[in-house]
Amino acid sequence: MAYFPDVDKIRYEGPDSTNPLSFRHYNADEKVDGKSMKEHLRFAVCWWHTFRGTGSDPFGPGCAVRPWEDGADSVDMAAKRVKVAFEFMEKLGAPFYCFHDRDVAPEGKNLRETNANLDKIAKLMKGEQERTGIKLLWGTANLFSNRRYVHGAATSCNAEVFAYAGAQVKKCLEVTKELGGQNYVFWGGREGYSNLYNTDLKRELDHLAKFFHLAVDYRKKIGFTGQFLIEPKPKEPTVHQYDFDAANVIAFLRGYGLTEHFKLNIETNHATLAGHTMMHELAYASINGHLGSIDANRGDLLLGWDTDQFPTDLYLTTQCMLVILGQGGLAPGGVNFDAKVRRESFEPVDLFHAHIGGMDAFAQGLRIAAKMRADGLLSKFVKERYGSWDGGIGQKIEKDQATFEDLEKYMLEKGDAAGNVSGRQEMLENIVNRYLR
Ligand code: XLS
Ligand code: NI
Ligand code: NI
């Protein structure tokens with residue numbers, strides 16, 4: 001049974017192709033900088049938006065046309081959806097996928113039944129993974145949709161809810177391991193607060209850290225070797241999410257002795273919600289050794305909420321790939337399209353157009369960034385800009401050979417600081433444009 005009967009396998013046809021259902025830039029096996037595009041980019045399709053998204057918004061219900069759906073949140077429907085998902089990913093040529101426990105299998109009457117539902121579906125997923133060779137990039141637990149999580153999960157004021165969340169993550173870790181997941185993601189869901197009048201901030205943060213420590217303990221116990229990732233987000237659904245941005249999460253990990261166990265999964269739209277660029281968040285995580293994976297999407301600057309649109313902006317993808325290549329890649333992480341088609345794009349084929357566009361944009365970004373790095377114009381400029389630190393007083397400061405008294409003596413002799421030169425921002429922007437032509 002084909003759920004996408006009108007779509008054949010998407011193939012690379014080169015930049016001149018006018019076939020909208022082809023890749024013009026993503027050529028999986030082509031080598032860039034010694035590695036294939038497939039290995040560099042490690043694309044993943046996300047289950048929640050792509051196979052569970054209905055297009056609903058606060059003003060109206062979903063209107064996505066998904067002929068295979070029967071309207072039930074049943075185990076049978078979940079099983080059918082596994083076939084739909086793998087047919088889609090196979091035709092697209094996506095090497096990986098990601099899921100939340102609750103978007104692949106429905107909740108049952110109680111935790112025992114819920115776990116059994118998940119096991120049934122996970123078995124089918126494993127079968128499809130074996131059939132197609134598509135792998136699991138990461139799994140994660142949905143600790144935010146069910147009404148029990150109204151006050152949060154690990155940071156709930158209600159200890160019963162913390163206990164349930166622990167049990168849920170335990171199970172999801174087991175399933176992720178069983179499916180060979182290469183990472184496991186913690187996104188804060190409702191871990192945050194809406195009002196400090198009713199919130200014990202210190203206690204909630206301590207509990208969040210405790211939750212992560214328990215996850216680390218359990219991961220060791222079952223021998224799950226996938227990378228743990230925390231996905232920062234500053235707001236939405238709560239007014240203030242605890243995993244605000246890269247800097248905040250890294251400080252939190254340090255404060256609670258968790259640094260060695262976690263890297264970050266950085267999402268474009270979360271970066272912009274935090275008032276940062278994606279490049280800033282990636283660079284900040286990377287210089288701290290914490291860039292693990294990315295959720296590739298984009299927001300709409302005119303709207304300002306987490307619109308999760310597919311990334312098509314070549315400046316954005318080039319900037320992402322500059323940082324990613326700069327640290328030697330993302331593996332075992334990858335580029336997960338945590339993105340959804342617009343409500344107006346309601347036909348099944350739109351799912352293909354969306355992913356093709358995102359994959360092509362990243363392939364172009366990869367090529368452009370690799371060329372820029374090979375030419376080295378930007379890195380040479382930066383190196384020279386900081387040249388005063390490579391000798392003289394700069395080197396003494398960096399090598400801890402200068403006190404404030406030494407600096408005063410040095411400057412009293414010179415009278416004033418010399419040596420400032422232009423930052424040449426406009427020239428550099430023009431250089432970048434040369435590569436994007
Ligand atoms: C929500 C997050 C979520 C995570 C996985 O804003 O992006 O989708 O990626 O829980
Ligand atoms: Ni995300
Ligand atoms: Ni998001």
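Note that ligands are numbered from 1 as they come in the structure, with each ligand's atoms numbered from 1 the same way. Fair warning: this is a prediction, and the values are worked out from it, not measured in the lab.
The closest approach between a heavy atom of H270 and any atom of ligand 1 is below 4.0 Å. Not a single heavy atom of V185 sits closer than 4.0 Å to an atom of ligand 1.
For the pair F43 and P95, the minimum side-chain heavy-atom distance is below 4.5 Å.
Between E178 and K123, none of the side-chain N atoms (NZ, or NE/NH1/NH2) sits under 4.0 Å from a carboxylate O, so this pair counts as no salt bridge. Remark: K83 does not engage E87 in a salt bridge, criterion side-chain N to carboxylate O under 4.0 Å. Checked for salt-bridge contact, D76 and K80 miss the test: no charged N lies under 4.0 Å from a carboxylate O.
Of the heavy atoms in N142, none comes closer than 4.0 Å to ligand 1. Only the side chain of D295 comes within 4.0 Å of ligand 1, judged by heavy-atom distances.
D295 has its closest N, O or S atom to the Ni ion (ligand 2) at the position named OD2. Counting just the N/O/S atoms of D338, the one with the shortest distance to the Ni ion (ligand 2) is named OD2.
For the pair OE2 of E267 and OD2 of D306, the angle whose vertex sits at the Ni ion (ligand 3) is 110° to 10 degrees.
Here the protein heavy atom with the shortest distance to atom 2 (C) of ligand 1 is E231 OE2, 3.2 Å. With respect to atom 5 (C) of ligand 1, the closest heavy atom belonging to the protein is H100 NE2, 3.3 Å. Looking only at protein heavy atoms, the nearest one to atom 8 (O) of ligand 1 is D338 OD2, 3.0 Å. Distance from atom 6 (O) of ligand 1 to its nearest protein heavy atom, with residue and atom name: K233 NZ, 2.9 Å.
With a 6.0 Å cutoff to the six-membered ring centre and a 45° limit on the axis angle, R219 counts as a cation-pi contact of F228.
E107 pairs with exactly one of R112, R148, R147, K171 by the salt bridge (Lys or Arg N to Asp or Glu O under 4.0 Å) rule, that one being R148. Looking at D306, D308, D245 one by one, the single match for salt bridge (Lys or Arg N to Asp or Glu O under 4.0 Å) with K233 turns out to be D306.
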